[in-house]
Number of protein chains: 2
Amino acid sequence: MKKSITIKEIAEEAQVSIATVSLVLNKKDKKISEGTRENILRIAQKYNYTPNTMARSLITRQTRTIGLIIPDIVNPFFPEIARGVEDKASQLGYSVIYCNTDDKIKREDKYIHVLMEKMVDGIISAHSADREEGFDGLARCKVPVLLIDRDYDNKNVIGRVLVDNRAGAYQATSYMLKQGYRRIAYIAGCISTATARGRLEGYHQALEDWGIGPEHRYVKVGEYRMQWGIEAAEQLLQEKTPMDGIFCGNDLIAIGVIKKLKEWGLAVPRDMGLVGFDDIYLASLVEPPLTTIKQPNYEMGYRAAEMLIRHIEKLRGEGDTKNESQQTAAESTLFLPTELIVRQSTK
Amino acid sequence: MKKSITIKEIAEEAQVSIATVSLVLNKKDKKISEGTRENILRIAQKYNYTPNTMARSLITRQTRTIGLIIPDIVNPFFPEIARGVEDKASQLGYSVIYCNTDDKIKREDKYIHVLMEKMVDGIISAHSADREEGFDGLARCKVPVLLIDRDYDNKNVIGRVLVDNRAGAYQATSYMLKQGYRRIAYIAGCISTATARGRLEGYHQALEDWGIGPEHRYVKVGEYRMQWGIEAAEQLLQEKTPMDGIFCGNDLIAIGVIKKLKEWGLAVPRDMGLVGFDDIYLASLVEPPLTTIKQPNYEMGYRAAEMLIRHIEKLRGEGDTKNESQQTAAESTLFLPTELIVRQSTK
DNA sequence: CTGAAAGCGCTTACAG
DNA sequence: CTGAAAGCGCTTACAG
């Protein structure tokens, strides 16, 4: 395509060496005379000079690009994260290459390999599922990795930004308790993840703090889908579980529950308290609008990009004390608080 | 960070020249003896060799990376597009850097500049709004640009993938007409775009084909938001416009309309036909589920990536006949059909 | 079949 | 204050 002008050509026109041009263009021009400087800048301007970052990266070993690995941008859980990452990254002068893994470890491996080839400076990953078998992508990764949303153990991980699911579930459950509901069921999504365990713990803790013993029949475990909400609600109602409130693993489940409750002639929140984690951001659109626990997804992405890039630049600053810097870089975990969004009138 | 092994080091260990290593690793090894080949491959494998694409790109002038410019990945309209782009790109061996402009021409310009620096091979852009003033980012862009969803005139544009909004609106309106509705209102979003004009045309055409003259009072123009749906429906009802059906600019509007209709004790589809463009993919979640015109967004992204990359590689094939290739590359426009998704029982 | 060499566009000590 | 030179890791004609 159209070829850009190079510093060599600028040097010729300005009658100076390419070193001088490079110095000026990189603002390391303390010791360059004002005249030369302005002349060079003027010529660069005139030809609309764009530096070739390939050449630069080859020397500096930095690309100012990071990789973002998520399961699926179409899943409404991820766009906010992706946006947070991109906002902070671009603000700090970084670009982001994004990758969809569909939660397949194999695709994740492939992407990590590609990102290594493209020499990204770091990777933010919502790690695929929990299957650790055969997994080595992250391990052989040569750049810092920052985990979001899902925890995972790996030597290249330099930090984590997670949601405080335990506190969120506690918040949801105790909110209903304060509203006067006493027999609160929990319809969970899949339970194998740390996320799900945290939510279950928070739910139990709240009940305990209110002197209510946990009962097995109040907890249903399935998946984060509307259909599961419908089924689980049906089960609970069929089993005649005496309940006056339901805490839902996420809002899709909650929407399903509402549909089922309507069938049975039960209204929210009059006959039944209802709070769900707000994964999908549909809460305000359904009828009645859901009271939810808001996931700090945008912030998660934003903080993740910030932490990762800070780490990258610190590493660079430390220069060649490589091995030690690896160790000193304290691997840190950030737990983001959730927020209760009340959208229903009280009982 | 950890340094990768280079072809030079492989060459040393294999006792051959770096040229030979390069040839083997790039599979241009027709004339390299089997023994040498296998030896090199074995060593590369052993040290987990990862080519430095910076160095390669510097010579080949290709990065196998494309840029994706969209207003906002959080807007539910865009994730499907982004996914389609990424799927096709990665399938063809390309990565994608994505950028959110918030529909601000200034941010778009900045991103285009960054993408030029990173030397992407091409750009897919859902161009910001329709304000052309002061805009020159795309114009000074040095790589092929492919437009999606929104049309725009520019010399660097080598193709477009758009939605056939006219046909979609025609489909929606004539569906309602076939259902027996006769007085169909149109609640539009903003009308300044080609998209909106296409939809209005399709609506008018359908009415005309059924021998129904257009009436001004049946068309309300606002924005693509739920609130506008509520207001517009209120207006239509207040004005006692005799109508039995409403075509909505998108599903957010449709959701607003439903809320208002409920207030007035009107049921969909019994008392009022309703079809909207499915921008947000909420149609199946609301009550009653909406019948909608589905946007082929995933396909739009997918086809866009395909067209762009084909173009890039054709250009490369043509080599240095630069100026001519620019012209011969026929600028093509693809109109994708919409699909009617019926989710309500008939009248 | 394989090697020596030039060069992609830039940065960075090191001289002067 | 500025230039000459080495070099980042690779590809690609061109010799042999």
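Given the structure is predicted, the values throughout are model-derived calculations rather than measurements. Here is the naming used below: chain letters follow the sequence lines, and residue numbers restart at 1 for every chain.
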Inset, instruction - Starting at atom CE of M54(A), determine the distance to atom P of dT11(D), rounded to an integer number of angstrom. - result: 15 Å

Inset, instruction - Please name all residues satisfying side-chain contact (heavy atoms from CB on, under 4.5 Å) with I18(A), sequence neighbours left out, ordered by chain then number. - result: I7(A), K8(A), A11(A)

Inset, instruction - Take atom CD of E117(A) and atom C1' of dG9(D), then tell me their distance rounded to the nearest Å. - result: 14 Å

Inset, instruction - Using whole Å, report how far NZ of K8(B) lies from P of dT11(D). - result: 16 Å

Inset, instruction - Could I get the full list of side-chain contact (heavy atoms from CB on, under 4.5 Å) partners for V114(B), not counting sequence neighbours? - result: S95(A), K118(B)

Inset, instruction - Check for a donor-acceptor pair, side chain of N100(A) on one end and backbone N or O of I73(A) on the other, with a separation under 3.5 Å. - result: yes

Legend entry - Those residues that, when tested against E13(B), pass salt bridge (charged side-chain N to carboxylate O under 4.0 Å, His left out) (two or more places apart): K46(B)

Inset, instruction - Please identify each residue that fulfils salt bridge (charged side-chain N to carboxylate O under 4.0 Å, His left out) with R107(B), with sequence neighbours left out. - result: D102(B)

Legend entry - Interface residues of residues 42-50 of chain B with DNA chain C (non-hydrogen, below 4.0 angstrom): none

Could you list all N or O pairs between the protein and nucleotides 3-6 of chain C that sit under 3.5 Å apart?
{"residue": "dG3(C)", "atom": "OP2", "partner": "S17(B)", "partner atom": "N", "Å": "2.9"}
{"residue": "dG3(C)", "atom": "OP2", "partner": "S17(B)", "partner atom": "OG", "Å": "3.3"}
{"residue": "dG3(C)", "atom": "OP2", "partner": "T20(B)", "partner atom": "OG1", "Å": "2.8"}

Inset, instruction - With sequence neighbours excluded, tell me which residues meet salt bridge (charged side-chain N to carboxylate O under 4.0 Å, His left out) with K88(A). - result: E306(A)

Inset, instruction - Whole angstrom is fine here: how far is it from CG in L25(A) over to P in dT11(C)? - result: 8 Å

Inset, instruction - State which residues pass salt bridge (charged side-chain N to carboxylate O under 4.0 Å, His left out) with R64(A); sequence neighbours excluded, sorted by chain then number. - result: E313(A)

Inset, instruction - Rounded off to whole Å, could you give me the CZ-to-P distance for the R56(B) and dG9(C) pair? - result: 18 Å

Inset, instruction - For residues 90-101 of chain B, pull every pair meeting salt bridge (charged side-chain N to carboxylate O under 4.0 Å, His left out), keeping only residues two or more places apart or in separate chains. - result: none

Legend entry - Candidate nucleotides dC8(C), dT11(C), dC10(D), ranked by approach to the side chain of L58(B) - the nearest: dC8(C)

Legend entry - With sequence neighbours excluded, residues passing side chain to side chain donor-acceptor pair (under 3.5 Å) with E12(A): none

Legend entry - Rounded interatomic separation in angstrom, taking CD from E12(A) and P from dG9(C): 12 Å

Inset, instruction - Write out the stems for DNA chain D, ordered by first number and formatted as range with range, counting runs of at least 3 consecutive Watson-Crick or G-U wobble pairs under 3.5 Å. - result: C:1-3 with D:14-16, C:5-12 with D:5-12, C:14-16 with D:1-3

Inset, instruction - Could you say whether T60(A) or A55(A) is positioned toward the 5' end of DNA chain C, judged by the nucleotide with the nearest heavy atom to each? - result: A55(A)

Legend entry - Interatomic distance, I7(A) CD1 vs dC8(D) C1' [rounded to whole Å]: 14 Å

Legend entry - Option among I10(B), I40(B), I43(B), L41(B) that satisfies the side chain to side chain contact (heavy atoms under 4.5 Å, CB included) test with Y49(B): I10(B)

Inset, instruction - Measure the distance from CG on N52(A) to P on dC8(C) and round it to the nearest whole Å. - result: 11 Å

Legend entry - Close side-chain approach of R61(B) and M119(B), heavy atoms under 4.5 Å: yes

Inset, instruction - Under the side chain to side chain donor-acceptor pair (under 3.5 Å) rule, collect the residues that match up with T60(A), sequence neighbours excluded. - result: none

Inset, instruction - Using a cut-off of strictly less than 4.0 Å, decide whether S22(B) has a side-chain nitrogen or oxygen near OP1 or OP2 of dT11(D). - result: yes

Inset, instruction - Would you indicate which nucleotide in dC8(C), dT12(D), dT11(C) comes nearest to any side-chain atom of R61(B)? - result: dC8(C)

